[in-house]
Amino acid sequence: MDKPTNNNFITNIIDNDNNTNKFGGRVNTRFPPEPNGYLHIGHAKSICLNFEIAKNYKGTCNLRFDDTNPEKENAEFIKSIKDDIAWLGYKWDSIHYASDYFDQLYSFAQKLIKENYAYVDASTPEKIKEERGTLTEPGIKSKDRNRPAEESLELFDKMKKGFFEDGEYVLRLKIDMSSPNLNLRDPIIYRIKKLTHHRTGDDWCIYPMYDFTHCISDAIENITHSLCTLEFEDHRNLYEWIIEKINHKNRPQQIEFARLSIEHNLMSKRKLSELVERNFVKGWDDPRMPTISGMKRRGYTPNSIKDFCSRIGITKKNSFIEMGVLENTIREELNISANRIMGVLDPIEINITNYPENTTENIVAPYNPNTENSKKRNISISKKVYIDRDDFMEHPDKKYFRLSLGKEVRLRHAFNIKCEKVIKDKNGNIVSLDCTYDPKSRDMKKGNKVKGMIHWVDANNCIDAQINIYDRLFKNSNPSSLDDFNDKSLKIKKNAKIENNLDVKDINARYQFERVGYFFKDKNSTNENIIYNKIVSLKDSWKKINKKGD
RNA sequence: UGGGCCGUCGCCAAGCGGUUAAGGCAUCGGGUUUUGAUCCCGACAUACGUAGGUUCGAAUCCUACCGGCCCAGCCA
């Protein structure tokens with residue numbers, strides 16, 4: 001397995017820092033999610049980056065919840081985030097909450113006020129917005145900008161003590177209202193929110209903003225390399241300004257990299273939670289979701305996700321990864337590890353007319369033909385079997401080499417059959433097929449040479465199951481809204497027939513249904529209603545050939 | 001329009017002044033295979049957004065232009 005993080009521009013920077021002894025050889029990172037949603041594959045990219053760098057450089061990686069906005073955050077999200085990181089196989093060196101730093105943050109704010117770097121502003125939100133200026137026009141200084149430090153200090157204290165309502169006052173940094181970087185136009189660093197916080201309860205009614213909190217939290221934790229996504233590039237100046245003005249001994253370095261985008265997916269927590277809330281999908285862990293929990297439920301493994309993260313690389317270039325890259329990582333792993341059995345998703349009944357009545361024979365086949373000395377399985381066969389609807393065509397084109405009327409095909413691991421008769425209902429739908437088999441073809445050298453081979457299941461000895469088949473979540477390769485949702489993203493096969501070697505008690509087993517794909521037991525599966533999810537198809541060059549013909 | 005970034009094969013991505021411009025995915029050939037899977041072999045950028053310039057020598061340095069992304073939350 002490849003390392004989840006190869007060398008990239010960030011490791012180049014770290015190498016350089018180590019050479020110049022910038023941080024005394026230390027490398028400390030952190031993964032800082034806001035607990036306002038479930039983690040997705042884009043977070044996995046950041047998790048792998050931060051944890052692998054810590055591992056490779058013998059440093060540390062903390063988990064820190066950026067919980068400065070009680071409006072959107074809760075304990076359920078905290079739990080799911082911890083679970084997902086642990087499931088991926090990473091252990092944080094220590095766990096922190098930005099809310100643990102509220103006292104320290106408050107004193108740093110006081111310090112800045114005293115030194116005339118911050119002031120309490122009574123302007124309304126509208127006024128502040130108006131005075132911020134635009135991309136091309138400078139802002140206007142607030143009327144409160146020159147409020148004496150003593151007065152600001154007193155007001156800040158009153159804000160903290162709950163004298164005022166939400167929005168009445170804010171604490172602002174005094175930087176530069178005409179800066180071309182809007183983040184430097186006296187950014188707000190504290191606002192009043194009379195809300196209960198999931199950890200600090202009602203201790204606070206003022207909460208620090210991200211820009212103020214993040215850099216100081218990094219400094220407190222002695223983070224050396226603070227890795228974040230590209231949209232924070234414009235915040236770096238502010239990050240550094242704050243660290244400098246509070247004169248902290250630690251000077252973490254913020255480095256930005258491109259966030260992950262995958263074709264036919266959306267990677268914003270806001271949009272993903274909308275999918276959940278508006279019931280496009282059945283929860284955050286719906287197997288179609290690009291969430292860690294969704295992928296886990298679908299059957300992806302931690303290694304396949306890490307492998308994916310290593311393949312896509314780390315750069316500053318906004319890019320879209322093709323779905324195939326993701327699918328291929330899990331295929332590669334499962335090709336080696338998954339046991340093979342047969343499963344018929346869309347059954348047609350076959351009567352083998354010349355096969356003896358009330359007889360069952362046993363066939364021995366390997367669980368994985370690519371593995372030397374693979375364990376063997378026993379498969380039964382009898383007069384009645386099921387094959388997949390796709391594997392029969394009444395009037396095939398010449399490139400089709402599965403079963404058709406009058407033609408012979410091999411049942412995998414068993415013998416050759418020839419289709420003699422197609423039985424249809426009144427509407428012309430195929431109900432079943434009468435076939436004959438060639439007993440001597442049990443020894444493949446003795447039967448006719450046939451090109452096609454199809455999978456099947458003994459109708460007298462099989463497991464009934466429901467199979468969920470998933471397709472891309474969005475029709476559009478670069479979806480812009482939920483309007484692009486693919487309403488055919490879930491197909492349910494209610495009448496699937498699975499080879500009896502399926503171990504329904506094994507909740508960790510991933511199977512290859514031969515010639516079809518890889519499958520994993522769904523969490524809603526019960527003894528009465530067995531449900532498996534398709535993780536991914538096998539590559540299918542027939543599909544391609546077939547398409548070309550059109 | 002101000003500022004900050006980014007532009008190497010269909011999709012990712014190495015490359016850091018002298019290389020035949022790595023590698024993966026995809027694609028296309030061929031071989032093995034009774035999974036149209038896997039596996040194996042081969043092909044796949046005289047070319048690095050464009051145009052100039054510096055240099056004996058440039059994807060790598062400079063200039064200009066073109067294209068894309070981000071910023072005007074009391075979100076993170």
Side-chain angles (χ1 to χ4, degrees), chain A residues 2 6-9 12 32-34 36 66-69 71-73 121 123-125 128-130 132-139 166-172 178-185 187-193 206-207 209-211 213-214 228-237 256 258 263 269-270 310-329 331-332 335-336 340 342 368-370 399-402 409-413 416 444 447 449-455 512-517 537-546:
Chain A
D2 290 329
N6 305 313
N7 289 345
N8 53 57
F9 82 97
N12 289 348
E34 183 188 13
N36 67 342
D66 238 324
D67 56 349
T68 57
N69 185 359
E71 223 168 281
K72 306 192 289 182
E73 298 152 4
D121 195 340
S123 304
T124 61
I128 289 175
K129 185 182 164 72
E130 200 184 303
R132 185 147 33 225
T134 69
L135 295 179
T136 50
E137 298 159 315
D166 290 13
E168 268 188 78
Y169 289 95
V170 288
L171 182 66
R172 288 230 256 173
S178 57
S179 171
N181 180 349
L182 306 209
N183 295 117
L184 264 25
R185 318 243 264 227
I188 292 165
I189 57 167
Y190 265 92
R191 75 291 212 191
I192 301 170
K193 271 182 195 281
I206 57 171
Y207 292 94
M209 301 274 290
Y210 166 85
D211 284 311
T213 308
H214 203 92
C228 64
T229 42
L230 251 28
E231 67 272 26
F232 292 102
E233 280 177 318
D234 288 339
H235 295 243
R236 192 174 58 242
N237 283 164
E256 312 85 12
E263 289 188 346
K269 272 194 250 178
R270 224 203 83 235
S310 94
R311 292 182 192 208
I312 57 177
I314 301 289
T315 65
K316 289 173 82 87
K317 184 169 101 184
N318 285 311
S319 58
F320 269 86
I321 309 293
E322 291 171 339
M323 284 285 272
V325 180
L326 220 204
E327 294 174 342
N328 225 48
T329 59
R331 268 196 206 106
E332 262 180 41
N335 176 46
I336 291 168
R340 270 121 245 232
M342 293 190 283
N368 189 335
N370 297 154
K399 283 184 196 143
Y400 185 86
F401 45 83
R402 275 111 96 156
V409 78
R410 187 169 183 82
L411 295 183
R412 183 158 170 79
H413 305 300
N416 297 354
M444 63 180 185
K449 244 201 147 122
V450 294
K451 205 165 184 197
M453 182 171 61
I454 62 176
H455 58 276
Q512 184 194 107
F513 292 179
E514 296 189 84
R515 300 208 315 131
V516 181
S537 307
L538 254 34
K539 280 189 194 158
D540 187 357
S541 55
W542 162 245
K543 213 182 207 166
K544 253 184 265 170
I545 294 163
N546 203 17

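Residues A:Asn335 and A:Phe513 each lie close to RNA chain B; by heavy-atom proximity, the contact nearer the 5' end of the strand is made by A:Phe513. Taking for each of A:Phe9 and A:Gln512 the nucleotide of RNA chain B with the nearest heavy atom, the 5'-most of the two is the partner of A:Phe9.
Here A:Glu137 pairs with nothing under the salt bridge (Lys or Arg N to Asp or Glu O under 4.0 Å) rule; sequence neighbours left out. Every residue meeting the side-chain hydrogen bond (donor to acceptor under 3.5 Å, both in side chains) condition with A:Arg515, not counting sequence neighbours, appears here in chain and number order: A:Asp391, A:His455. The salt bridge (Lys or Arg N to Asp or Glu O under 4.0 Å) check on A:Lys316 picks up A:Glu233, A:Glu256, with sequence neighbours excluded. With sequence neighbours left out, A:Ser178 forms a side-chain hydrogen bond (donor to acceptor under 3.5 Å, both in side chains) with A:Asp176. For A:Thr229, the side-chain hydrogen bond (donor to acceptor under 3.5 Å, both in side chains) partners at least two apart in sequence or on another chain are A:Glu231.
Side-chain proximity of A:Ile312 to the nucleotides B:C12, B:U35, B:A72 is greatest for B:C12. Closest contact between the side chain of A:Arg515 and the listed nucleotides B:G2, B:G36, B:A76 involves B:G36. Comparing atom distances between the A:Lys539 side chain and each of B:G15, B:A26, B:C75 picks out B:A26 as nearest.
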How would you summarise protein contacts on nucleotides 5-11 of chain B per nucleotide, using B for base, S for sugar-phosphate only and - for none, with heavy-atom distances below 4.0 Å?
SSSS-BS

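No donor-acceptor pair closer than 3.5 Å links the side chain of A:Asp211 to the backbone N or O of A:Ile189.
Not a single donor-acceptor contact under 3.5 angstrom links the side-chain atoms of A:Arg331 to the base of B:U38. Scanning atom types as modelled, no donor and acceptor separated by under 3.5 angstrom connect the side chain of A:Asp540 and the base of B:G36.
Here B:G73 is in the syn range [glycosidic angle within 90° of 0].
Pair assignment for B:U50 gives B:A64, based on Watson-Crick or G-U wobble hydrogen-bonding distances that are each under 3.5 Å. If you check B:G2 for Watson-Crick or wobble pairing at under 3.5 angstrom, you find it paired to B:C71.
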